[in-house]
Amino acid sequence: MQPTRRLSVVLALGAAAGIAFASPTIAGPLVADGGATAADDYYKDAEGKTGAELKTALHGIIGTGTKLTYEQVWDGIRATDEDPANPANVVLLYSGRSQAKTANGGGVDDWNREHVWAKSHGDFGTAVGPGTDLHHLRAEDASVNSTRGNKDFDAGGSPVEEAPGSLTDDDSFEPRDAVKGDVARMILYMAVRYDGTDGFPDLEPNDAVDNGSKPNIGRLSVLMSWNTQDPPDAGEQRRNQVIYDQFQHNRNPFIDHPEWAASIYG
């Protein structure tokens, strides 16, 4: 029996007998049947490590799992970015708009697949692996996706049409406040997952903008502040769990442990 189901049964039986229980606390998100019972079990090989050793350990943990094709990413995003208030829709990352799952494609008002780590930064395109990794692929309005292009992340700029709260200038993009931390943690995940040791580019954030085709993206100092400013919320945690349970069977460690960002990049 699933832990959450078992808990519900216990509470129901207690209520029927007139017994009141204190509100329970479950440590860490649950994972799939047959796996660990909490996210911390998934990270057991990283326990006690910091800095470069922690990064290496996390790469070993998250570097296994299922890889999707670029076509399969459509269905993946429909599940990971589902609007909890309307299961027929997805929520667009920068725009915050809820849009029909079926309204995807290249049209002006369609949503398409945004590579948060821009695919030209390292020139991996849509190759299976970094180009198809759901941990950084999100639903976004096609025209907003085009406006972001391959710009680095930084603060400041002019308002982005169709993406309230987002700003952009010639060489950078600033997402709306509600997803700043999400963006930062996706970038950090990519740097740990793809470190040049498994045939993929060695991706690393830096403190620059206008990185072009180099396997770098910035601005790291800004991303680190966003990680602190906007901690993981229930939607981001749910997304991490869906990717683990249904698709790639790996996790973003910076969603489960946002403090590890400072340990590795602080």
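Predicted model, so just to flag it, every value in this text is computed and none were measured. We number each residue from 1, following the sequence as shown. Computation of the quantities below employed the complete heavy-atom set of this structure, encompassing side-chain atoms and omitting hydrogens, waters and symmetry-equivalent molecules.
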>> Using side chain to side chain contact (heavy atoms under 4.5 Å, CB included), reason through H59 and T56 one step at a time and then give a plain yes or no.
In response: CA-CA 5 Å; H59 172 77; T56 298; 5.7 Å; no

>> Go through it in stages, so that I can follow the logic: the residues are R251 and Q241, the test is side chain to side chain contact (heavy atoms under 4.5 Å, CB included), and I'd like the CA-CA distance, side-chain angles, deciding distance and then a yes or no.
In response: CA-CA 7 Å; R251 305 181 69 86; Q241 194 67 39; 3.0 Å; yes

> Does the side chain to side chain donor-acceptor pair (under 3.5 Å) test come out yes or no for Y194 and D133, once each step is laid out?
Replying inline: CA-CA 11 Å; Y194 302 102; D133 196 314; 2.6 Å; yes

>> Using the rule given for side chain to side chain donor-acceptor pair (under 3.5 Å), can you reason through N86 versus S98, listing the C-alpha separation, both sets of side-chain angles and the distance that settles it, and then say yes or no?
In response: CA-CA 8 Å; N86 183 353; S98 180; 5.0 Å; no

>> Between S95 and D141, is the side chain to side chain donor-acceptor pair (under 3.5 Å) condition met? List the steps.
In response: CA-CA 7 Å; S95 304; D141 176 88; 5.4 Å; no

>> Walk me through whether L137 and I77 qualify under side chain to side chain contact (heavy atoms under 4.5 Å, CB included).
In response: CA-CA 7 Å; L137 280 158; I77 291 176; 4.2 Å; yes

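In terms of heavy atoms, V183 sits closest to V116 at CG1-CG1, 4.1 Å. Pairing each heavy atom of F124 with each of P201, the nearest pair is CB-CG, 4.3 Å. Contact record, I264 with L54: CG1-CD2, 3.9 Å, taken as the closest heavy-atom pair. Residues W111 and Q99 come closest through the heavy atom pair N-NE2, 3.5 Å. Minimum interatomic distance between A46 and L58 (heavy atoms only, all atoms of both residues): CB-CD2, 4.0 Å. Summarising the geometry of V179 relative to P175, their closest heavy-atom pair is CG2-CB, 3.9 Å, with the distance given to 0.1 Å.
From D154, atom CG reaches atom CG of L220 across 11.5 Å, with rounding to the nearest 0.5 Å. Here CZ of R239 is found 6.5 Å from CG of L134. Values are rounded to the nearest 0.5 Å. Taking CZ of R193 as the reference point, atom CD1 of I61 lies at 13.0 Å (rounded to 0.5 Å). L93 contributes atom CG, which lies 7.0 Å from atom CG of D182 (distance to the nearest 0.5 angstrom). To the nearest 0.5 Å, atoms NE2 (H136) and CG (N252) are separated by 11.5 Å. Distance check: L203 CG to M190 CE gives 5.5 Å after rounding to the nearest 0.5 Å.
Taking the six-membered ring where tryptophan is involved, the planes of F153 and F173 are perpendicular, since the angle between them exceeds 60° and thus also 30°. In this pair, H249 and Y244 present their aromatic rings perpendicular. The plane angle is above 60°, beyond the 30 to 60° band.
Within a 6.0 Å sphere centred on CG of D198, heavy atoms belonging to other residues, nucleotides or ligands number more than 12. Other residues, nucleotides and ligands contribute more than 12 heavy atoms inside 6.0 Å of the CD atom of Q229.
Within the 4.5 Å cutoff, side-chain heavy atoms of L167 are placed close to those of P159. Two residues are said to be in side-chain contact when any heavy atoms from C-beta on lie closer than 4.5 Å; N104 and R78 meet this criterion. For the pair T50 and S263, the minimum side-chain heavy-atom distance is below 4.5 Å. Proximity of P205 to Y265: side-chain heavy atoms (C-beta onward) are separated by under 4.5 Å at one or more points. Proximity of R176 to P164: side-chain heavy atoms (C-beta onward) are nowhere separated by under 4.5 Å. Looking at heavy atoms from C-beta onward, Q237 lies in side-chain contact with I255 at the 4.5 angstrom threshold. Looking at heavy atoms from C-beta onward, R219 lies out of side-chain contact with S172 at the 4.5 angstrom threshold. At a threshold of 4.5 Å between non-hydrogen side-chain atoms, the residues V192 and W260 do not count as touching.
Partner of V90 under the side chain to side chain contact (heavy atoms under 4.5 Å, CB included) criterion, chosen from T102, D83, D81: D81.
A donor-acceptor contact shorter than 3.5 Å links the side chain of S225 to the backbone of V222. N216 places a side-chain N or O within donor-acceptor distance of the main-chain N or O of E204, the cut-off being under 3.5 Å. Proximity of a side-chain donor or acceptor of E114 to a complementary backbone N or O of N145 within less than 3.5 Å is not detected. Looking only at distances, a side-chain donor or acceptor of W117 sits under 3.5 Å from a matching main-chain atom of H121. A donor-acceptor pair under 3.5 Å links the side-chain atoms of K101 to the main chain of P87, judged by distance alone. Looking only at distances, a side-chain donor or acceptor of N250 sits under 3.5 Å from a matching main-chain atom of I62. When atom types are taken as modelled, the side chain of E140 and the backbone of Y94 share a donor-acceptor pair closer than 3.5 angstrom. Using a distance-only test at 3.5 Å, with no hydrogens or angles considered, no donor-acceptor pair links the side chain of N227 to the main chain of A184. Panel note: side chain K151, backbone V209; no donor-acceptor pair is recorded below 3.5 Å. Judged by distance alone, with hydrogens and angles left aside, the side-chain atoms of D152 form a donor-acceptor pair with the main-chain N or O of N211 at under 3.5 Å.
Hydrophobic clustering (side-chain heavy atoms under 4.5 Å, transitive across Ile, Leu, Val, Met, Phe, Trp, Tyr) keeps F254 apart from I243. One hydrophobic cluster holds both F200 and M186 under the rule that ILVMFWY side chains link at heavy-atom gaps under 4.5 Å.
Relative to the six-membered ring of Y70, R113 meets both conditions, a distance below 6.0 Å and an angle of at most 45° to the axis.
Remark: K44 does not engage D41 in a salt bridge, criterion side-chain N to carboxylate O under 4.0 Å. For the pair R185 and E236, the salt-bridge criterion is met [side-chain N within less than 4.0 Å of a carboxylate O].
Applying the ring pair (Phe, Tyr, Trp, His ring centres under 6.0 Å) test to Y189 and every residue at least two apart in sequence or in another chain returns H135.
No side-chain donor-acceptor contact under 3.5 Å links D123 and S213.
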